[in-house]
Each structure stands twice: as structure tokens, then as C-alpha cells.
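To start, the structure itself, in C-alpha cells.
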Amino acid sequence: MEKTIQSKIFLYSLPVYYIYNMLLDVVFNRGSAAGIVLNMVVLAMLVYFSMGNPFNKKFWYLFVWFTFNIILILCNSSNIQFSSKVFCINAMSMLCFPLAFNLISTNQQIVLFLKVLIAVLLLYILNLILANTLDWGQAYGDVDSDFAVQGGASIVTGSMPVVIALMMAPVIFYLIPQKKYFIGLWALTTVCMFLIFKRTNIASLVIGYVLFYAFYKFYNYKLGLSTIRVSRKTKIRVVIGGLSLLILFALIFGKIILAQLDMRGKELHEVPLQDQGRVVEWRMVKEVILESNNTGTILFGKEPYNTSGNYGDSSARNIHGDFSIVLFSTGVVGFIYYWGMQIFIALLIFKYAKRRYIHSTQDILFFSAYASSSLIWFICSFSATLDYFLVSAVYYMTHGAILRYFWNKYQVQERLKIIQAYDY
């Protein structure tokens with residue numbers, strides 16, 4: 001199959017999968033045949049494309065050994081079907097990194113990828129509209145019904161990838177011609193994020209943009225590049241417009257935000273940090289795995305991804321948090337392999353995104369997007385990303401595309417050195 005066609009199929013599979021998540025609990029039941037078929041088709045596609053697109057051998061060693069480790073211990077699971085499903089979802093998302101490197105390799109494909117991220121933002125807005133007008137899906141949170149905002153079927157799986165997509169907003173704004181329309185979409189999506197009021201998403205969004213701005217300003221200063229100059233009249237208009245929108249937002253959605261703040265404030269006040277669910281889970285998992293008398297459990301974990309009722313006080317709640325899930329599922333060996341892959345991905349990008357290869361505003365925007373989205377994914381990992389293909393897939397695709405962008409620049413610089421050496 002031609003590489004251009006592979007690239008389009010690969011990229012378009014993201015919004016298709018998002019639409020499927022929108023239809024969960026509305027058209028399809030979770031765990032239905034439709035979901036199994038879709039996952040198998042996507043997995044087969046990713047494996048097939050991977051066979052024809054080689055990538056860094058060290059990454060494949062880590063990926064293969066991590067995968068092999070889980071396959072070996074799948075028989076320990078009391079629910080092999082569930083463990084296999086989550087394992088496949090996890091493998092699918094990780095395959096998106098090398099494939100994004102190979103299939104988002106040109107400027108045209110990068111622009112297409114950015115348009116796919118715009119489609120994800122549009123689908124997120126559409127999902128919220130359907131949820132709040134047609135009772136599409138379920139309400140999110142425990143606030144009074146008068147102040148509840150329904151997140152719809154994709155409230156969990158659909159919001160985290162949107163946060164990562166929003167970190168690419170400055171890059172999208174820089175490269176996409178329809179800037180005014182995109183600003184409106186970005187503003188609307190950000191407002192919706194605050195209305196849904198998932199703490200992890202809001203914290204990720206705020207911290208991510210602060211980090212993005214810090215890197216952007218730092219590299220502009222170091223390289224002596226001038227930032228975009230804005231006239232005083234434009235600044236005044238932006239300030240007046242921004243304040244007007246904030247006032248309008250407060251008048252329309254003030255009660256919702258205050259109700260959500262009150263609910264979250266009570267949670268934090270009544271339950272100390274050390275007694276919060278994820279902190280307690282981590283302590284329980286450490287006891288079950290690291291303090292086990294069974295060497296096999298310490299090295300290879302207990303039950304891969306099948307956490308409900310299998311840890312601590314046999315809590316029926318699934319473990320929330322990637323650190324706890326990976327340690328519980330794969331033990332110390334799998335924990336090292338999995339996080340070793342994440343560190344290796346970061347080292348790869350830093351290898352090709354060195355300061356001497358960053359020359360333009362576009363380069364700075366891509367590197368800032370990488371740094372901020374990495375931090376966002378790390379924060380989101382405390383809410384568990386492994387169970388959901390969309391969350392990790394957007395992360396891996398984004399970083400694969402950014403790595404390819406800087407790898408292309410690296411290749412050009414190296415060839416220029418060869419040419420210059422030959423001329424001398």
C-alpha cells in the first residue's frame with residue numbers, strides 16, 4: 001500500500017475512534033461486539049503498517065520485551081478477556097509513536113495531522129452539545145442537577161486527548177490559514193473544559209500553557225528572535241474583548257463553576273491528600289507487589305490490568321493511575337520496561353531537538369508543544385491513561401510527529417555539513 005494512503009488511513013482512524021467513543025452507552029454497549037471488531041481492525045492496521053515502516057531498534061527492543069512480558073503473565077489473570085483487551089489497547093497506542101514518525105513525515109502530512117486535531121476538538125464540542133440537549137450519555141459529577149454539565153459518553157476518553165490537542169493550538173494557529181475560526185474553536189473548547197471541571201484536565205491545561213509560554217519566551221530570547229509585535233490599539237481591543245467575554249461567561253456559567261468549586265473544595269477539605277483515592281491505591285499496590293513473599297509477583301506483577309477486587313482491601317474500584325497500574329500488572333520488570341520506553345522517547349526528541357537545530361519561530365513552537373504536552377501526559381497519567389486508546393494515541397502521535405519534524409531538520413543540517421566539508 002502506498003505510504004501516502006497509509007498516512008491518511010492512520011490519521012483518519014483517530015476521529016473515527018473518537019466517534020465510536022461518543023456512541024458508547026448510546027448506540028453501543030461497552031464491551032460489545034462492535035468495540036471488539038473496531039479494536040481488532042485498528043490493531044491489525046497498526047501492526048500491518050508497522051511491518052513496512054522500520055523504526056529505532058532500541059525502541060522496538062523495549063516494546064517487544066514489554067509486550068512479551070505481559071503475554072507471559074496473561075494466564076495469571078482471573079479475567080483473561082479483560083486483561084487481553086486492555087493490553088491490546090495499550091499496545092495499539094504505543095504503536096502510534098513509531099507510525100507517526102514514519103507516516104507524518106512531510107509538511108503536508110503535519111498540516112493534515114493538525115487538521116485531525118481540529119476535528120477532535122469539533123467532535124468534543126459536538127459531544128457536549130448532544131449531551132446537554134438530547135441527554136446523550138451521562139451527567140458528570142455529583143453537583144446538584146440544576147448546575148450539572150453533562151459530559152456525554154466520551155467524558156473520560158474524549159477530554160484528556162483534547163487537552164493534549166489544545167497544547168498544539170499555537171502550532172495550529174501558526175500553520176493553519178483559518179486563524180479567526182480556530183481562535184473561536186479554541187476559546188469554546190477551553191470554556192467547556194472549565195464547565196466540565198475535571199481537576200486533572202484543568203490543572204494540565206493551566207500548567208501546560210504556562211510551560212509552553214516559558215519555553216517560547218526562553219528560546220526567543222536566546223536566539224534573538226523578535227516575538228509578534230502587536231499595536232497598542234490591538235492590545236486595548238483584546239483586553240476589552242477578553243474582559244467582556246469573562247463577564248459574559250461569569251453571568252451565564254457562574255453558578256455552575258461555583259457549584260463545582262464548592263463540591264471539589266469540600267472533597268479536599270473532608271479528605272486529606274494522604275487519604276485521596278490515588279494515593280491510597282499506590283500504597284496498597286506497593287504492599288501487594290513490592291512487599292510480597294512471592295518473587296514472581298515482585299518481578300512480574302499480579303494480574304495484568306485486571307485490578308478491580310485484586311488489590312489492597314479487595315476494592316471493587318479499578319486502579320486510577322498509570323504508575324500503580326503498571327506496577328500491579330507487570331511488576332518491577334514491566335515497570336522498568338514501560339517507563340524506560342517513555343524516557344527513551346524523551347531522549348530521542350532531545351537528541352534531534354538540540355538548541356543548534358532550533359532556528360525559527362516554528363521550531364520553537366514545536367519544541368514548546370513537545371515540552372508542555374509531555375508534562376500534561378505525565379499529569380494525566382495519575383488519572384490512568386492506559387485503559388483508553390484515544391488518550392495515549394494522541395500523545396504518541398503528537399510526539400512521533402514532533403520527533404519526525406526535528407529529525408528532518410537534523411538530516412538537512414548533517415547533509416549541509418557534508419556538502420560544506422566536500423566544498424573545502
Side-chain angles (χ1 to χ4, degrees), residues 18 21 117 120-125 127-129 131-132 137-144 147-170 172 183-215 242 245-271 273 276-279 320-322 368-369 371-385 388 390-392 394-395 398:
Y18 198 102
N21 276 271
L117 293 182
V120 169
L121 299 182
L122 288 169
L123 288 171
Y124 175 74
I125 298 298
N127 176 68
L128 292 181
I129 292 172
N132 289 278
Q138 55 191 350
Y140 169 76
D142 301 319
V143 296
D144 185 88
F147 304 120
V149 178
Q150 294 194 49
S154 63
I155 178 60
V156 177
T157 58
S159 57
M160 286 184 186
V162 166
V163 176
I164 297 175
L166 285 173
M167 282 303 103
M168 293 294 288
I172 297 172
I183 289 176
L185 176 62
W186 170 83
L188 182 59
T189 308
T190 304
V191 167
C192 290
M193 280 284 167
F194 279 87
L195 290 178
I196 296 298
F197 216 89
K198 282 183 68 67
R199 290 168 294 180
T200 303
N201 293 341
I202 292 176
S204 301
L205 201 59
V206 173
I207 296 172
Y209 275 132
V210 169
L211 186 65
F212 190 106
Y213 181 76
F215 271 101
L245 287 174
L246 283 174
I247 293 171
L248 184 63
F249 177 76
L251 290 173
I252 298 174
F253 303 114
K255 289 184 178 180
I256 296 174
I257 296 296
L258 289 174
Q260 294 278 12
L261 283 171
D262 182 61
M263 180 189 74
R264 297 303 183 184
K266 286 180 180 177
E267 285 181 7
L268 292 173
H269 179 72
E270 294 171 1
V271 184
L273 180 62
Q276 291 282 328
R278 290 165 180 78
V279 179
H320 291 59
D322 292 351
S368 300
S372 57
S373 60
S374 295
L375 179 62
I376 279 180
W377 183 79
F378 179 75
I379 295 172
C380 288
S381 68
F382 289 97
S383 288
T385 64
Y388 310 112
L390 276 173
V391 180
S392 297
V394 172
Y395 163 77
T398 300

How far apart are the closest heavy atoms of G208 and S372, and which atoms are they? O-CB, 3.2 Å

Full working for side chain to side chain contact (heavy atoms under 4.5 Å, CB included) between L121 and L117: CA-CA 6 Å; L121 299 182; L117 293 182; 5.8 Å; no

Nearest atoms (heavy-atom pairs only) where A371 meets L211: O-CD2, 3.5 Å

Once you round to the nearest 0.5 Å, how far does CG of N21 lie from OH of Y124? 14.0 Å

Closest approach of I376 to S204 (non-hydrogen atoms, all atoms of both residues): CG1-O, 3.4 Å

Residues at least two apart in sequence or cross-chain that pass side chain to side chain donor-acceptor pair (under 3.5 Å) with S373, listed by chain then number, are H399

Shortest non-hydrogen contact from I172 toward A165: CD1-O, 4.5 Å

For S392 and W377, the nearest pair of non-hydrogen atoms, with its separation, is OG-NE1, 4.2 Å

I need the single residue from V162, V163, I379, I164 that forms a side chain to side chain contact (heavy atoms under 4.5 Å, CB included) with L205. Which is it? V163

Which pairs of donor and acceptor atoms, one on a side chain in residues 183-194, lie under 3.5 Å apart (sequence neighbours left out)?
from, atom 1, to, atom 2, distance (Å)
W186, NE1, Y209, OH, 2.7
T189, OG1, L185, O, 2.7
T190, OG1, W186, O, 2.8

